[in-house]
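As structure tokens, the structure follows; a few thoughts come after it.
Side chains are part of it too, since the values below use all heavy atoms of this structure and drop only hydrogens, waters and symmetry mates. Only a predicted model underlies this, so the values are computations on that prediction, with no experimental measurement involved.
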Amino acid sequence: MLTLYGKQLPSHLLLGTAQYPSPAILADAVKASGTAVVTVSLRRETAGGKDGGRFWSLVRSLGVAVLPNTAGCHSAKEAVTTATMAREVFGTNWIKLEVIGNHDTLQPDVFELVEAARTLIRDGFAVFPYTTDDLVVNEKLLEAGCEVLMPWCAPIGSAKGPLNPDALRSMRGYFPDVPLIVDAGLGRPSHAAAVMELGFDAVLLNTAVARAGDPVAMAAAFAKAVEAGRSAYHAGILEPRDMAVPSTPVIGKAVFS
């Protein structure tokens, strides 16, 4: 079980809800993934008019927890305002906190992120911060009161997979008891398996599933990869070696002259 802010969840895969070809495909992908949490953008909800209302009805019908996000915000003030509105709309104190600092890479503005996290946690929010793999930044987020960390492994939507596995491995080592969720940059099920093999607790996906040729099949593939990586980590993965090691014993081998 995955425990986030005291809530136990049966799946280690969280799924975004944007960019799907149709509402029906979104619903089928959510079911195929086995996820217990989906992210929803307040901007999509409020900008969609009647369509936004129908979308929210669809999400509620899926029977999963909703994690609203502050996508598109570029300052702590803007993010706090959006989060407060999201709590009213979606009826939850969970918030995926995004404060974007660079328009090209969509890298978080870590200074504004920490400031927004402090404010929201004081106001009773359970904050899921979209952050980098910088250890100092993540220490500041924990000091602010965050109980979950969500570092990227590559820029949002890039599908490049983990660009700096050593940094992700360091995060797991420095924060052994903190739930860590890779958020952004995964493009293939093998990428999800790779970060789960590093000891991460979950992954959050959107583009890799929504923009796949068959989103439903891809959602199912990612679900299997997440569980495979998690099982491998707990089984104890063999570390790389500098030299060959024979699998057959050499002691007592026959000698022919």
Side-chain angles (χ1 to χ4, degrees), residues 1-16 29-30 32-39 64-65 67 96 126-139 141-142 146-156 158-209 212 217-245 247:
M1 297 290 284
L2 174 65
T3 302
L4 302 174
Y5 285 102
K7 185 178 181 66
Q8 289 192 324
L9 305 167
S11 172
H12 295 259
L13 172 61
L14 290 72
L15 202 63
V30 169
S33 73
T35 186
V37 179
V38 296
T39 62
V64 294
L67 177 60
K96 177 187 171 187
V127 176
F128 295 69
Y130 163 59
T131 180
T132 67
D133 53 25
D134 184 279
L135 294 178
V136 175
V137 171
N138 286 288
E139 285 176 343
L141 289 167
L142 293 176
C146 294
E147 297 180 14
V148 176
L149 297 172
M150 301 206 307
W152 69 349
C153 74
I156 293 174
S158 68
K160 290 183 175 181
L163 296 180
N164 193 345
D166 287 339
L168 296 177
R169 187 179 290 107
S170 292
M171 280 196 67
R172 180 72 287 169
Y174 270 84
F175 309 119
D177 301 320
V178 178
L180 300 180
I181 302 172
V182 165
D183 175 18
L186 299 176
R188 303 181 181 190
S190 58
H191 295 158
V195 297
M196 293 299 289
E197 287 175 0
L198 295 176
F200 275 69
D201 298 283
V203 298
L204 197 164
L205 306 166
N206 192 139
T207 307
V209 172
M218 188 61 75
F222 267 105
K224 294 174 183 176
V226 166
E227 288 306 313
R230 179 170 177 270
S231 295
Y233 173 75
H234 287 290
I237 296 173
L238 185 66
E239 294 300 323
R241 301 174 180 179
D242 294 330
M243 300 177 63
V245 179
S247 57

Taking atom [atom1] of [X] and atom [atom2] of [Y], what is their separation to the nearest 0.5 Å?
X	Y	atom1	atom2	answer
S11	E227	OG	CD	6.5 Å
M196	H191	CE	NE2	15.5 Å
L67	F128	CG	CZ	5.5 Å
E197	L168	CD	CG	13.0 Å
L204	Y130	CG	OH	11.0 Å
K7	L2	NZ	CG	11.5 Å

Within-4.5 Å side-chain heavy-atom neighbours: [X] and [Y]:
X	Y	value
V148	M150	yes
V137	L141	yes
P155	L163	yes
L15	T39	no

Polar side-chain atom of S33 near backbone of V30 as donor-acceptor pair, under 3.5 Å =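 Present.
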
Short side-chain to backbone donor-acceptor contact, Y5 and V127, under 3.5 Å =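 Yes, because the side chain of Y5 sits within donor-acceptor range (under 3.5 Å) of the backbone of V127.
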
Closest heavy-atom pair and its distance - [X], [Y]:
X	Y	value
L9	L4	CD1-CD1, 3.7 Å
A219	A29	CB-O, 3.4 Å
A208	M218	O-CG, 3.5 Å
A202	L14	CB-CD1, 3.9 Å
D133	M171	CA-SD, 3.7 Å

Partner of L186 under side-chain contact (heavy atoms from CB on, under 4.5 Å), chosen from L205, V209, N206, T207 =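 In the set L205, V209, N206, T207, the residue that makes a side-chain contact (heavy atoms from CB on, under 4.5 Å) with L186 is L205.
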
Got a sec, which residues hit side-chain contact (heavy atoms from CB on, under 4.5 Å) with [X], two or more places apart in sequence or on another chain?
X	result
A223	L13
A193	A225
R169	D166, L198
Q8	M1, T3

Can you name the salt bridge (Lys or Arg N to Asp or Glu O under 4.0 Å) partners of D201, sequence neighbours left out?
->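 D201 satisfies salt bridge (Lys or Arg N to Asp or Glu O under 4.0 Å) with R172 only.
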
F200-Y233 aromatic ring centre distance below 6.0 Å =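 No - the distance between ring centres of F200 and Y233 does not fall below the 6.0 Å cut-off.
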
N138: side-chain hydrogen bond (donor to acceptor under 3.5 Å, both in side chains) partners, not counting sequence neighbours |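 By the side-chain hydrogen bond (donor to acceptor under 3.5 Å, both in side chains) rule, N138 matches no residue at all.
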
